[in-house]
Student: 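This is the structure I want to talk about, given as structure tokens.
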Amino acid sequence: EDKVNLESLLTNITIKLNSHHRTPYTAPAGKSAAELDAAWDRLHDAERDRSKALRENIFRLKELLRKAFATSAEDFVLWITATKEQVVRGDADSDLATQLERLKANQKLLESGGQISDVETAQQALDAAGIDENPHSEHTLEDLKRMNDQLHTLLSKKITFIENQLLSE
């Protein structure tokens with residue numbers, strides 16, 4: 001808009017000078033309308049290129065956040081799966097007291113939010129960036145929390161079972 005106003009003003013000045021039979025206005029070197037148009041076009045191109053670079057950088061950063069969540073979620077799922085398998089099959093090679101100790105250590109880790117806290121941190125970063133979709137992960141925080149709760153229940157039941165076995169010995 002400012003550029004159009006300046007061009008209009010220059011045209012009005014030129015018309016007035018011509019109508020009063022005065023010498024036409026000559027812009028200083030580097031300030032002619034054509035040179036200003038060229039500078040304006042270079043500025044527009046630079047703004048467009050900068051905007052494109054910013055969009056690409058934002059996309060790259062969002063991809064990093066998506067991948068960080070996916071990695072945290074996958075690590076959590078692997079841990080949950082391994083822990084669940086250990087609880088279900090038990091430690092045939094160890095005595096009940098050792099099994100109980102391991103189970104309680106896992107339960108303590110669950111109760112402290114240990115393993116899931118990395119996923120929650122990654123989710124908070126996604127939320128802060130306004131990212132809803134994540135093609136890099138099939139898991140959601142809600143799903144992982146449900147898995148966490150299921151493991152907690154399984155651990156509690158197994159601990160109670162082993163404690164009862166120890167008491168009956």
Side-chain angles (χ1 to χ4, degrees), residues 1-88 105-156:
E1 182 181 337
D2 291 338
K3 182 179 179 260
V4 172
N5 289 339
L6 288 174
E7 289 172 345
S8 177
L9 183 59
L10 179 60
T11 303
N12 291 346
I13 290 171
T14 303
I15 290 171
K16 280 190 176 190
L17 289 174
N18 282 340
S19 68
H20 290 88
H21 304 292
R22 302 202 53 201
T23 311
Y25 172 76
T26 305
K31 308 288 184 200
S32 70
E35 291 166 320
L36 290 176
D37 279 343
W40 197 271
D41 290 342
R42 286 191 304 274
L43 176 63
H44 177 69
D45 291 345
E47 286 178 339
R48 184 192 63 238
D49 292 345
R50 178 66 179 148
S51 178
K52 180 182 176 191
L54 286 172
R55 282 191 311 276
E56 289 171 352
N57 194 35
I58 288 170
F59 177 79
R60 185 182 60 76
L61 292 172
K62 285 184 173 184
E63 276 299 295
L64 288 173
L65 291 173
R66 288 181 183 105
K67 288 177 181 178
F69 176 86
T71 300
S72 295
E74 191 59 34
D75 290 347
F76 180 74
V77 168
L78 290 173
W79 180 81
I80 286 277
T81 304
T83 304
K84 192 181 291 185
E85 187 177 307
Q86 178 189 6
V87 171
V88 169
N106 283 329
Q107 186 180 43
K108 187 175 182 180
L109 184 59
L110 276 176
E111 288 172 352
S112 70
Q115 292 290 337
I116 199 152
S117 65
D118 292 342
V119 181
E120 289 173 331
T121 300
Q123 181 64 51
Q124 288 169 355
L126 289 176
D127 292 343
I131 300 171
D132 295 327
E133 298 291 323
N134 190 350
H136 303 289
S137 179
E138 61 188 38
H139 306 290
T140 65
L141 182 58
E142 293 75 27
D143 293 339
L144 299 174
K145 283 183 175 181
R146 188 171 33 261
M147 291 172 74
N148 192 58
D149 292 343
Q150 290 170 348
L151 179 59
H152 188 273
T153 302
L154 181 63
L155 279 168
S156 295

Student: What's the spacing between Ile116 CD1 and Leu141 CG if we round to 0.5 Å?
Tutor: 5.5 Å

Student: Taking Arg60 first and then Glu63, would you say they form a salt bridge - that is, a charged N and a carboxylate O separated by under 4.0 Å?
Tutor: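 Looking at Glu63 together with Arg60, the answer is no, because their closest N to O distance does not fall below 4.0 Å.
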
Student: Tell me the salt bridge (charged side-chain N to carboxylate O under 4.0 Å, His left out) pairs involving residues 22-41, sequence neighbours left out?
Tutor: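 The answer is Lys3-Asp37.
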
Student: Can you list everything that forms a side-chain hydrogen bond (donor to acceptor under 3.5 Å, both in side chains) with Glu74? Sequence neighbours excluded, please.
Tutor: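 By the side-chain hydrogen bond (donor to acceptor under 3.5 Å, both in side chains) rule, Glu74 matches no residue at all.
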
Student: Among Leu17, Leu10, Thr11, whose side chain to side chain contact (heavy atoms under 4.5 Å, CB included) with Thr14 holds?
Tutor: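 Exactly one pass, corresponding to Leu10.
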
Student: Looking at OG of Ser117 and CD of Gln124, how far apart are the two atoms once the value is rounded to the nearest 0.5 Å?
Tutor: 10.0 Å

Student: Nearest heavy-atom pair of Ile131 and Arg66: which atoms, and what distance?
Tutor: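 Closest approach of Ile131 to Arg66: CG2-NE, 3.6 Å.
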
Student: Is there side-chain contact between Asn106 and Gln86, with heavy atoms separated by less than 4.5 Å?
Tutor: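 A side-chain contact under 4.5 Å exists here.
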
Student: Which pair of non-hydrogen atoms, one from Phe69 and one from Ala122, has the smallest distance, and what is that distance?
Tutor: CA-CB, 3.6 Å

Student: What heavy-atom pair brings Leu109 and Trp79 nearest, and what distance separates the two atoms?
Tutor: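 Scanning both residues completely, I find the closest heavy atoms to be CD2-CZ2, 3.4 Å.
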
Student: Check side-chain hydrogen bond (donor to acceptor under 3.5 Å, both in side chains) between Arg48 and all other residues, then give those that pass, not counting sequence neighbours.
Tutor: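 Expected list: Asp45.
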
Student: Heavy atoms, side chains only, cut-off 4.5 Å: are Val88 and Leu154 in contact?
Tutor: yes

Student: Who passes side-chain hydrogen bond (donor to acceptor under 3.5 Å, both in side chains) against Thr71, sequence neighbours left out?
Tutor: none

Student: Can you name the side-chain hydrogen bond (donor to acceptor under 3.5 Å, both in side chains) partners of Asp49, sequence neighbours left out?
Tutor: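 Asp49: no side-chain hydrogen bond (donor to acceptor under 3.5 Å, both in side chains) contacts found.
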
Student: Please give me the minimum heavy-atom distance between Gln107 and Ser156, naming the atom from each residue.
Tutor: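 It is NE2-OG, 3.1 Å.
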
Student: Measure across Asn148 and Leu110 and return the closest heavy-atom pair with its distance rounded to 0.1 Å.
Tutor: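 Distance-wise, the nearest heavy atoms are OD1-CD2, 2.5 Å.
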
Student: Apply side-chain contact (heavy atoms from CB on, under 4.5 Å) to the pair Leu144 and Ile80, showing each step before the final yes or no.
Tutor: CA-CA 9 Å; Leu144 299 174; Ile80 286 277; over 6 Å; no

Student: Which value, rounded to the nearest 0.5 Å, describes the distance between Lys62 atom NZ and Leu65 atom CG?
Tutor: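 One gets 9.0 Å once the value is rounded to the nearest 0.5 Å.
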
Student: Would Asp143 and Arg146 count as a salt bridge (charged side-chain N to carboxylate O under 4.0 Å, His left out) here? Give the steps.
Tutor: CA-CA 5 Å; Asp143 293 339; Arg146 188 171 33 261; 2.5 Å; yes

Student: So which pairs with a foot in residues 118-139 pass salt bridge (charged side-chain N to carboxylate O under 4.0 Å, His left out), sequence neighbours left out?
Tutor: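 Those involving residues 118-139 are Glu120-Lys145.
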
Student: How long is the span from the CE atom in Met147 to the CZ atom in Phe76, to the nearest 0.5 Å?
Tutor: 6.5 Å

